[in-house]
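Lettering follows sequence order; numbering is per chain, from 1.
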Amino acid sequence: MFEVTLPDGTGRRFDQPVTVGEVAAAIGPGLAKAAIAGRVDGRMVDLGTRIDRDCQVAIITMQSPEGLEIIRHSTSHLMAQAVKELFPGAQVTIGPAVENGFYYDFDYERPFTTDDLGAIEEKMRQISDRNETIGRREMARDEALALFKGMGEHYKGEIIGAIDAGQTLSLYSQGDFVDLCRGPHVPSTGYLKAFKLLSVAGAYWRGNAANKQLQRIYGTAWADAKSLKSYLHMLEESEKRDHRRLGRELDLFSIQEAAGGGLVFWHPMGSRVRQAIEGYWKETHIAAGYEFLYTPHMANLELWRTSGHLDFYHDSMFNPMHVDEQEYQIRPMNCPFHILVYQSKMHSHRDFPIRWAELGTVYRYELSGALHGLFRVRGFTQDDAHIFCREEQIEDEITAILDLTLAMLGTFGFKEFDIFLSTRPEKSVGSTEIWDQATGALVNAIKKHHLDFVEDKGGGAFYGPKIDVKITDCLGRKWQCSTIQLDFNLPERFDITYIGEDGGKHRPIMIHRALMGSLERFFGILVEHYAGRFPLWLAPVQAVVLTITDASRPWAVEVRDRLRAAGLRAEADLRNEKIGYKIREHTLKKVPWLLIVGDREQEQRAVSPRDASGKDLGLQSLDSLVEKLVLHARERRT
RNA sequence: GCCGAUGUAGCUCAAUUGGCAGAGCAACGGAUUUGUAAUCCGUAGGUUUGGGGUUCGAUUCCCCACAUCGGCUCCA
C-alpha cells in the first residue's frame, strides 16, 4: 500500500505497483487521453514508468509547455527514424527540442534536398500511422557503447564514450530505430500528428567549426493541427514583415552588391524615418543633460593599441590602411575618441558628470555568411554616449540612464522589458571594492524602477559590470538593444584624470551606454514591429492628398501646403487616375492618412480623410484635421 | 569563414536534351476626368551577378569570384 500525491494536494492509494498512465486513468478518462508523460517527485518520466512507493505525481498533457517539449523531442526521433528508413547510410547524432520545434543532425554522404524533406515528412506520417510503441530500456554504459558501435553509429558511440563507465543509460526504441536518450517520450508514434519539416542547413558536430559539418533538419511540432496551422500562419506573417522585403517595397533602404555586403544605403523614405528617430533622440538627450560630439571615422591605429581593442577585437576589425608611413584604422568603436576629447584639457571634479553623446558610425568586420539585412551589418551607427563621473555618482547616473532608456523604448511602442545584470567575471580589472560598489549601484538603480532582473553571475566584461535591456516586439520576439556598461579599464589605459577637492589627481569612472544600439538594426526591428505601418510621428509620408479629378487640383495643393506648413510630411497625388487606384497605391505604401478631395471638399474647404484602418471618416474641416494630426505627431502616439 | 541553396528587365517569375531570352506589375506615351484597394491602348526596357573555360552555338554544362537566402548557442 502506498500513496500518490497529486498537484492539488489530494492523494490516491494503490495496493499494487501502477504506471503513471494508470494513475492518470484513475483520475479520469479525459486526463488519461490527454496524458503523454508524467512528473514523479519532480522528475519527468514516461507514462509507462512504474510507481510502487509514496510519491508526488503530476500528469503532463500535450498542451502544457513540458508536454509540447516532449512532443517536439519525440517528433525529432520520429524524423530520425524516417531518415534511417529512407537513408540507411545516414548516421544519427543529436536531436533536441527547440523553441517552437526541433532539429536533428545527421551525417550523410550527400546533402539532403528539399525533395528529400518531402519524402522524409511522408515517411514520418507513415510511421505515425503505424502507431509504433515507443519503449524505454536501461542498459549499462559499456553494453550501449557496443550496441551503437555495432550499428555503425559512431557519433552516438562518441557521446557514450564521454560518459563515465559504470553508468546506466536509457535507450528508446520504436520499430527498428533505437536512440540513446534521456527521455521522456510519448508512448507511441501515433501521438505525433501535427508536424512539418521546415529547412535543412549545415551545423558543426558539437557546434565546433573544427569538426565535421553535419546536416541539420529543422521542423516544427505541435499538440494539434490547429496550433500547427496557426504557427505556420505566424511564420508567413513574419515573412511578410521581413524588413528586407518591406525595405524594398517601401523604398526605405538597400544593400548594394556593387558596394559590398553589410553596407547600408538609406533611401529618402528610410532617411525620413531616421530623421524622426534622430530628432527625438536629440531632443531627449538635450533634456537629459547631454552634450553632443562629432568625431572622425578613422584614426591612427596606435589609438586602438592603447585602448586594447586591437588585442581583444582584432578579428572583428577591418585591416588598417597605410597613410604617410603610418597605419590608420577605420573605427570599430567611438570610445577612444571621446576619451581624446576628455584629455584635451584638465578636468575638475566640479565638471562631473560629463555626458557626451554621439551618433557614431562604426565599422566592424563580420563574417560574410553572418550578414543579414539590417540586423547584421559591417557599418552601423550607434546611439553612443560616454559618461565621466565620480564613483559616488554612479548610481544617480545609472538611474538617469535607465529612465531615459525606458522612456525612449516606450515611445517606440515597446512596453515589455527583460533586464539582465552581468557581474564580475574571473578575469577582470579593478579592485574588489570598486566592483562591489558599482554592482550595488546598478542593482539599486534597477530596484528604483521596480523592475525584475536576471543576474548573470560572472557574465560581465572584464572591464566592468553591465545592464542589458531586451525588448519584446509584437510577434513576441526578444531583442537586446540597450546596454549600460561600466568601464574601469579605459580610464586606466588612457590614464585620464581629474583634479579632486584635495587638489590631487584622481581617476574618473567611465560609463558606456547605447539605448537603441545600432540605428540600422533598431530601424529593422521597428519595421518588423510595425509591419511597415509606422505610427504617424515616424511615417515617412504622413498624409497624401488625393484628387478625384483635375478640377480639385488647386484645393489639393493648398491642403498639402497647409499640412507642410504645419510641419507634416505631406504629398499630393494629382495624377489622372481613378480614386480607387490611388487609394490602393498609397495604402500599399502604408501611408497613415489619405485625404480625399473632390468638388464637395473644395466647395467647403474640407477634406474626406481615411485613416490607417481604411475607414472613410467623412467630410471634415481642414482646420480640425490639421490640428489633430499635429497633436498626434507631437505626442508621438503609437 | 564553413555547409547547402539561389542569382534572368526596377519587382515577382518563365524559357524543351545546349539552338532567335518572355510574361505580369512598375516606368514612359496616348486616350479616359473618374467619389474610397488595380480604366483601356501602346512604347521602351537585357553584357541572363562578374570573370574564365568546354562547344559550331551557353541563361542552360564546368571552374573561379562576388552577392543574397537558410543555418552553424540552445545538455545524449
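- If you take atom C1' in B/rU6 and the same atom in B/rC28, they sit 32 Å apart, rounded to whole Å.
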For A/F112 and A/F87, what are the C-alpha separation, side-chain angles and deciding distance, and is it a ring pair (Phe, Tyr, Trp, His ring centres under 6.0 Å)?
CA-CA 10 Å; A/F112 292 122; A/F87 311 96; 5.2 Å; yes
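- Taking the six-membered ring where the residue is Trp, A/H185 and A/H77 present tilted rings, their angle falling between 30° and 60°.
- Proximity of A/H372 to the phosphate of B/rG70: a side-chain N or O atom is located under 4.0 Å from OP1 or OP2.
- By the ring-ring contact (aromatic ring centres under 6.0 Å, His included) test, A/H314 pairs with no residue at all, sequence neighbours left out.
- By the ring-ring contact (aromatic ring centres under 6.0 Å, His included) test, A/Y218 pairs with A/Y103, sequence neighbours left out.
- Rounded to whole Å, the separation between the C1' atoms of B/rU47 and B/rU39 comes to 38 Å.
- In this structure, A/P535 and A/H632 have side chains that are not in contact, with every pair of non-hydrogen atoms separated by 4.5 Å or more.
- In the interface, the side chain of A/Y204 is not paired with the base of B/rC3 through any donor and acceptor atom under 3.5 Å apart.
- Screening A/Y530, A/F375, A/F522 for a ring-ring contact (aromatic ring centres under 6.0 Å, His included) involving A/H243 leaves a single residue, A/F375.
- Close to B/rC72, at under 4.0 Å from its OP1 or OP2, lies a side-chain N or O of A/Y218.
- Checking the phosphate oxygens (OP1, OP2) of B/rC69, a side-chain nitrogen or oxygen of A/R244 falls inside 4.0 Å.
- With a 6.0 Å cutoff to the six-membered ring centre and a 45° limit on the axis angle, A/R72 counts as a cation-pi contact of A/W222.
- Among residues two or more places apart in sequence or in another chain, the salt bridge (charged side-chain N to carboxylate O under 4.0 Å, His left out) test is passed with A/K123 by A/E85.
- Secondary structure note: stems in RNA chain B built from 3 or more consecutive Watson-Crick or G-U wobble pairs under 3.5 Å occupy B:1-7 with B:66-72, B:10-13 with B:22-25, B:27-31 with B:39-43, B:49-53 with B:61-65.
- Here the P atom of nucleotide B/rA37 and the CD1 atom of A/I583 are 6 Å apart, to the nearest Å.
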When every nucleotide of nucleotides 42-52 of chain B is labelled 5' to 3' by its protein contacts under 4.0 Å (heavy atoms), B for base, S for sugar-phosphate only, - for none, what sequence of letters results?
-------B---
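- Here B/rC75 presents its P atom at 12 Å from NZ of A/K156, a figure rounded to the nearest Å.
- At the heavy-atom level, A/R216 lies under 4.0 Å from the strands shown only through sugar-phosphate atoms.
- Comparing B/rU8 with B/rA21, their C1' atoms sit 8 Å apart, to the nearest whole Å.
- Counting heavy-atom neighbours within 6.0 Å of A/R562 CZ, excluding the residue itself, gives a total above 12.
- Of the C1' atoms belonging to B/rU68 and B/rA31, the separation is 42 Å, rounded to the nearest Å.
- Note on A/G369: a base of the nucleic acid sits closer than 4.0 angstrom, heavy atoms only.
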Can you check ring pair (Phe, Tyr, Trp, His ring centres under 6.0 Å) on A/Y104 and A/F102, steps first, answer last?
CA-CA 7 Å; A/Y104 210 112; A/F102 60 89; 8.9 Å; no
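- To the nearest angstrom, P of B/rC69 lies 8 Å from CG of A/L371.
- Contacts between residues 591-605 of chain A and RNA chain B, defined by a heavy-atom separation below 4.0 Å, involve A/I596, A/G598, A/D599, A/R600, A/E601, listed by number.
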Protein-nucleotides 26-31 of chain B N/O pairs closer than 3.5 Å?
unit_1 : atom_1 : unit_2 : atom_2 : d
B/rA26 : OP1    : A/Y581 : OH     : 3.4

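- One finds no side-chain N or O of A/Y172 lying less than 4.0 angstrom from the OP1 or OP2 phosphate oxygen of B/rA76.
- Nucleotides B/rC66 and B/rC75 are separated by 34 Å at their P atoms, to the nearest Å.
- Taking atom C1' in both B/rG7 and B/rA14, one finds a spacing of 15 Å when rounded to whole Å.
- Computed from coordinates, the A/F106 CZ to B/rG71 P distance equals 18 Å when rounded to whole Å.
- Rounded to a whole angstrom, the distance from the P atom of B/rU59 to that of B/rG52 is 14 Å.
- A donor-acceptor pair under 3.5 Å is absent between the side-chain atoms of A/R376 and the main chain of A/E366, judged by distance alone.
- Taking atom CD on A/Q91 and atom P on B/rA76, their separation rounds to 18 Å, with Å as the unit.
- Here salt bridge (charged side-chain N to carboxylate O under 4.0 Å, His left out) pairs that include residues 589-618 of chain A, with residues two or more places apart or in two chains, are A/E558-A/R605.
- Using a cutoff of 4.0 Å between basic side-chain nitrogens and carboxylate oxygens, A/D573 and A/R575 are scored as salt-bridged.
- Here A/R272 pairs with A/E571 under the salt bridge (charged side-chain N to carboxylate O under 4.0 Å, His left out) rule; sequence neighbours left out.
- Here A/H529 pairs with nothing under the side-chain hydrogen bond (donor to acceptor under 3.5 Å, both in side chains) rule; sequence neighbours left out.
- Nearest to the side chain of A/V98, among B/rC74, B/rU33, B/rC2, sits B/rC74.
- Within the 4.0 angstrom heavy-atom criterion, base atoms lie near A/S608.
- Rounded to whole Å, atom C1' of B/rG70 lies 12 Å from atom CG of A/D242.
- Taking the ring-ring contact (aromatic ring centres under 6.0 Å, His included) definition, one finds that A/F462 meets it with A/F312, sequence neighbours left out.
- Taking side-chain N and O atoms only, A/S368 has a distance below 4.0 Å to OP1 or OP2 of B/rG1.
- Between A/R248 and the phosphate of B/rU12, there is a side-chain N or O to OP1/OP2 separation shorter than 4.0 Å.
- Annotation: of the two residues near RNA chain B, A/Q256 and A/I548, the 5′-most nearest-nucleotide partner is A/I548.
- Checked against B/rG1, B/rA76, B/rU36, the side chain of A/I579 finds its nearest nucleotide in B/rU36.
- A/A370 comes within contact range of at least one nucleobase, with a heavy-atom separation under 4.0 Å.
- Atom CG in A/L588 sits about 18 Å away from atom P in B/rU36, given to the nearest Å.
- A close approach under 4.0 Å does occur between a side-chain nitrogen or oxygen of A/Y103 and OP1 or OP2 of B/rC74.
- By the side-chain hydrogen bond (donor to acceptor under 3.5 Å, both in side chains) test, A/S173 pairs with no residue at all, sequence neighbours left out.
- Positionally, the nearest nucleotide of RNA chain B for A/T587 lies more toward the 5' end than for the other of A/L169 and A/T587.
- Across B/rU16 and B/rU60, the matching P atoms stand 12 Å from one another, rounded to whole Å.
- Atom pair A/L367:CG and B/rU68:P shows a separation of 13 Å (rounding to whole Å applied).
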